[in-house]
Amino acid sequence: MSLHLYDTWTRSVREFTSLKPNEVGLYTCGPTVYDYQHIGNYRTFLFEDGLKRVLKLNGYRVNHVMNITDVGHLVSDADEGEDKMEKGSRRTGKTAWDIAALYTESFVADLKSLGIEFPTTLCKATDNIPEQIAFVQEIEKKGYTYRTSDGIYFDTAKQPTYGYLGRLDIAGLQAGARVDLGEKKNATDYALWKFSKPEDQRQMEWDSPWGRGFPGWHIECSAMAHKYLGAYFDIHCGGEDHITVHHPNEISQTEAAYGTRLANFWMHGYFILLNSAKMSKSSGEFLRVQLLLDKGYDPIAYRYLCLTAHYRSQLTFSWDALDAAQTALERLRHSAHSLGAPGVADQGFVARWMEKLNDDLNFPQALALTYELLKSELAADVKKATLLKFDEAFGLGLANWVPKVEDVPATVRSVADARWAARNNKDWAEADRLRGELTALGWAMKDGKDGYTLTKA
RNA sequence: GGCGGGUUAGCAAAUCGGUUAUGCAGCGGAUUGCAAAUCCGUUUAGAGCGGUUCGACUCCGCUACCCGCCUCCA
């Protein structure tokens, strides 16, 4: 089967063909760097990484663009409230620019530890302010904007197709609007450019044809996607929450300025749930990659956990589930290692694996196939080669994994040697006593045929 | 209130109108001086009520419960 992907635009799985031969333009909404990313954010980035790997396995070159949202935006779309960067600045005593740099650095480190491939282009909103201004001018030229006392707004009523991606019930939204419209004409209208308030000293602001201020949240993605990928490209991704607001707005901007719906495919990753609720930055506690490390987990175990669920269904996170993933990953690594050098991959298994991946990225089934492979009667070198092929999609780093060699202190080593000797003399009482001593020192001794191994308890 | 999704065994989570998902845990066995690790085998499913069908976890309807979006948000 050729590659088929679910497209939120059509709400169906359809065949993927690239607009340009052998090349895919991919834009993925990146992080807002006013705080750390949490593992829920990374579930989406992991989904996108899986997508990218599958595209490559289908022979495409992937031109991947991701934005870094480092411009402060408002806490609420009612266009009131505090700016997140400025708020973070006050919280930490650092400048808005330092904060953006700090959290961007942390983000990049997390990508690395999760085995996520770096985008072709990682672009900051603040590095592309002129492009955003030009984009707004283009929209203005086409007659879709209006001015209020606090900014330039997009008039969604002028666009009959507005909100199609989210299948928005505009009338219902208008009637049931939960926030005060202010000077906005329609509930769905949104800011393209915001004016700095004269009384507030902002750390991040720029001059524009409309006055000093800063860009609206949605414009950066449209502007940078347009700059790096053109007005119409292959795939645009983000989290499920973007289906109803952010992405329809990106589309409306591009539609107004250039007459396209920006991307051919719109794909969305679903949330990870914590205690049966969505994990969010604004509601206090959230789990970071660093917390996983602090608790002794390998971040790749989280990647494994994400592979066990389909990207279009919500995944319930628990430490038990992560434990299960870590154990499974460890066993998989040891199996892979013990298979020795790779030979030639089994084409039957590889074909079945590709079928699963091409069927809208069915990683859970592709992963299940891994266990069928390991239990099969194939020769070790064939299994190994097939497994390494599979891992090109999974990204678990099986090719380079080697068992950790423990650095055993001399004192521990001597006790272990003594026990080995006692055991060989069939002095079980002494052997057990010495093992007790090792346990007290925090080491576990495993007897092998030709020797023992020590592991830290 | 509007829109959308879900409810699978102890946990997490897939597929499929009739054939073992898978992983983790549990249980039994092999192995081991005893262990550990490993290997083999294996018990627990499909929210409730109806309908369609020769046959439904799988399709349809209703009910209950849960979740997401509608507000910054992966």
Side-chain angles (χ1 to χ4, degrees), chain A residues 11 28-32 34-35 37-48 69 73-84 87 163 166-179 187-188 217 237-246 268-273 276-283 286 304-305 307-329 331-332 334-335 338 356 359 362-372 375 423-424 426-429 431-432 435 439 444-449 452-453 455:
Chain A
R11 299 287 156 101
T28 61
C29 282
T32 46
Y34 61 86
D35 203 337
Q37 301 302 296
H38 57 65
I39 62 172
N41 299 114
Y42 288 115
R43 186 184 182 205
T44 296
F45 299 136
L46 284 165
F47 138 64
E48 291 158 352
T69 300
H73 290 294
L74 299 166
V75 172
S76 121
D77 223 17
D79 296 309
E80 285 164 12
E82 293 174 293
D83 178 293
K84 284 182 177 172
K87 193 177 168 185
R167 304 293 193 270
L168 299 182
D169 170 16
I170 308 292
L173 283 172
Q174 195 79 17
R178 294 194 301 188
V179 290
T188 46
W217 173 45
C237 297
E240 58 168 314
D241 55 323
H242 286 158
I243 296 170
T244 49
V245 178
H246 181 53
H268 298 89
Y270 281 64
F271 288 145
I272 190 152
L273 306 179
S276 293
K278 151 189 182 180
M279 198 178 294
S280 81
K281 283 185 200 170
S282 49
S283 67
F286 59 84
Y304 183 100
L305 177 63
L307 289 176
T308 66
H310 193 263
Y311 78 91
R312 260 186 311 116
S313 60
Q314 292 174 341
L315 168 61
T316 309
F317 178 85
S318 67
W319 294 106
D320 281 348
L322 189 59
D323 281 337
Q326 173 117 323
T327 303
L329 172 65
R331 287 185 186 161
L332 188 57
H334 281 281
S335 310
S338 67
K356 303 292 187 194
D359 181 13
N362 200 326
F363 278 92
Q365 288 210 359
L367 188 62
L369 195 61
T370 304
Y371 292 93
E372 197 184 315
K375 284 178 186 160
R423 183 180 169 279
N424 286 339
K426 299 195 190 304
D427 184 353
W428 311 131
D432 288 349
R435 179 157 55 200
T439 307
M445 182 167 173
K446 294 174 189 177
D447 302 338
K449 207 171 170 56
Y452 61 83
T453 53
T455 47

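Small disclaimer: the values here were computed from a predicted structure and weren't measured. Within every chain, numbering begins at 1; the chains are lettered A, B, ... in the order of the sequence lines, protein sequences first and strands thereafter.
- For A:Thr32 and B:A74, the shortest distance from a side-chain N or O to OP1 or OP2 is below 4.0 Å.
- Remark: the separation of the C1' atoms in B:U38 and B:U32 is 11 Å, to the nearest Å.
- Both A:Gly269 and A:Gln365 sit near RNA chain B, but only A:Gln365 has its closest nucleotide nearer the 5' end.
- The distance between atom OH of A:Tyr311 and atom C1' of B:A14, rounded to the nearest whole Å, is 15 Å.
- With hydrogens and angles ignored, the 3.5 Å screen pairs no side-chain donor or acceptor of A:Gln37 with any backbone N or O of A:Tyr42.
- For the C1' atoms, the distance linking B:U20 with B:U8 amounts to 16 Å, nearest Å.
- Atom name P, nucleotides B:C39 and B:U15: the rounded distance is 27 Å, in whole Å.
- Spacing between atom CZ of A:Arg312 and atom P of B:U15 amounts to 9 Å, rounded to whole angstrom units.
- Between B:U19 and B:G2, the two C1' atoms lie 44 Å apart (nearest whole Å).
- Contact annotation: side chain of A:Asp432 to base of B:G33, donor-acceptor pair present below 3.5 Å.
- Look at the P atom in both B:C69 and B:C73: the space between them is 12 Å, to the nearest Å.
- A:His246 comes within contact range of no nucleotide atom at all, as no heavy-atom separation falls under 4.0 Å.
- With hydrogens and angles disregarded, a donor-acceptor distance shorter than 3.5 Å links the side chain of A:Asn41 to the backbone of A:His38.
- Considering every non-hydrogen atom in both A:Thr370 and A:Leu332, the closest pair reads CG2-CD1, 3.9 Å.
- Side-chain N or O atoms of A:Asn362 include one that pairs as donor or acceptor with a backbone N or O of A:Gln365 at under 3.5 Å.
- In this structure, NZ of A:Lys446 is placed 6 Å from P of B:A37, rounded to the nearest angstrom.
- Here the closest non-hydrogen pair linking A:Gly239 and A:His268 is O-CD2, 3.3 Å.
- No contact: A:His268 has no heavy atom under 4.0 Å from any strand.
- Considering only side-chain N and O atoms, A:Trp217 lies under 4.0 angstrom from the phosphate OP1 or OP2 of B:C73.
- Distance A:Gln314 CD to B:A74 C1': 12 Å, rounded to the nearest Å.
- Counting any heavy atom pair closer than 4.0 Å across all strands shown, A:Gly238 reaches sugar-phosphate atoms only and no base atom.
- When every heavy atom of A:Phe47 is checked against every heavy atom of A:Gly238, the shortest pair comes out as CE2-O, 4.4 Å.
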Which atom pairs link the protein and nucleotides 22-24 of chain B when you take only N or O atoms and keep those under 3.5 Å?
| unit_1 | atom_1 | unit_2 | atom_2 | d |
| --- | --- | --- | --- | --- |
| B:G23 | OP1 | A:Lys375 | NZ | 3.2 |
| B:C24 | OP1 | A:Arg331 | NH1 | 2.7 |

Which is it for A:Tyr270 and A:Leu315 under the side chain to side chain contact (heavy atoms under 4.5 Å, CB included) test, yes or no, and what are the steps along the way? CA-CA 8 Å; A:Tyr270 281 64; A:Leu315 168 61; over 6 Å; no
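- In this structure, A:Lys426 atom NZ and B:G33 atom C1' are separated by 7 Å, rounded to whole Å.
- Distances from the side chain of A:Phe271 to the nucleotides B:U15, B:C69, B:A13 place B:C69 closest.
- The A:Asn41 side chain lies nearest to B:C73 when the options are B:C34, B:C73, B:A13.
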Under the rule of Watson-Crick or G-U wobble with both distances under 3.5 Å, where | means paired to another strand and [ ] a crossing pair, RNA chain B maps to (((((((..(((.....[...))).(((((.......)))))....(((((..]....))))))))))))....
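- Listed here is the closest heavy atom pair of A:Ala321 and A:Thr316: CB-O, 4.5 Å.
- Residue A:Pro364 has its side chain nearest to B:A13 when only B:A13, B:C11, B:G33 are considered.
- Positionally, the nearest nucleotide of RNA chain B for A:Phe317 lies more toward the 5' end than for the other of A:Phe317 and A:Gly30.
- Annotation: salt bridge (Lys or Arg N to Asp or Glu O under 4.0 Å) contacts of A:Asp432 (sequence neighbours excluded): A:Arg435.
- Closest approach of A:Pro364 to A:His310, counting heavy atoms only: CG-N, 3.5 Å.
- When the C1' atom is compared between B:A45 and B:C16, the two are found 15 Å apart, to the nearest whole Å.
- To the nearest 0.5 Å, atoms CG (A:Leu305) and CD1 (A:Ile39) are separated by 8.0 Å.
- Between A:Asp447 atom CG and B:U31 atom C1' the separation is 13 Å, expressed in whole Å.
- Look at the P atom in both B:G61 and B:C66: the space between them is 22 Å, to the nearest Å.
- Taking atom C1' in both B:C24 and B:A13, the straight-line distance is 11 Å, to the nearest Å.
- Remark: C1' of B:C73 and CZ of A:Arg43 are 16 Å apart, rounded to the nearest angstrom.
- Within the 4.0 Å cut-off from OP1 or OP2 of B:A13, at least one side-chain nitrogen or oxygen of A:Thr316 is found.
- If you check every strand for non-hydrogen atoms under 4.0 Å, A:Thr455 touches nothing.
- Between A:Pro31 and A:Phe45, the shortest heavy-atom distance links the atoms N-CZ, 4.0 Å.
- When the C1' atom of B:A74 is taken as reference, atom CD1 of A:Ile243 falls 11 Å away, rounded to whole Å.
- For A:Asp241 against B:C70, no side-chain N or O and base N or O form a donor-acceptor pair under 3.5 Å.
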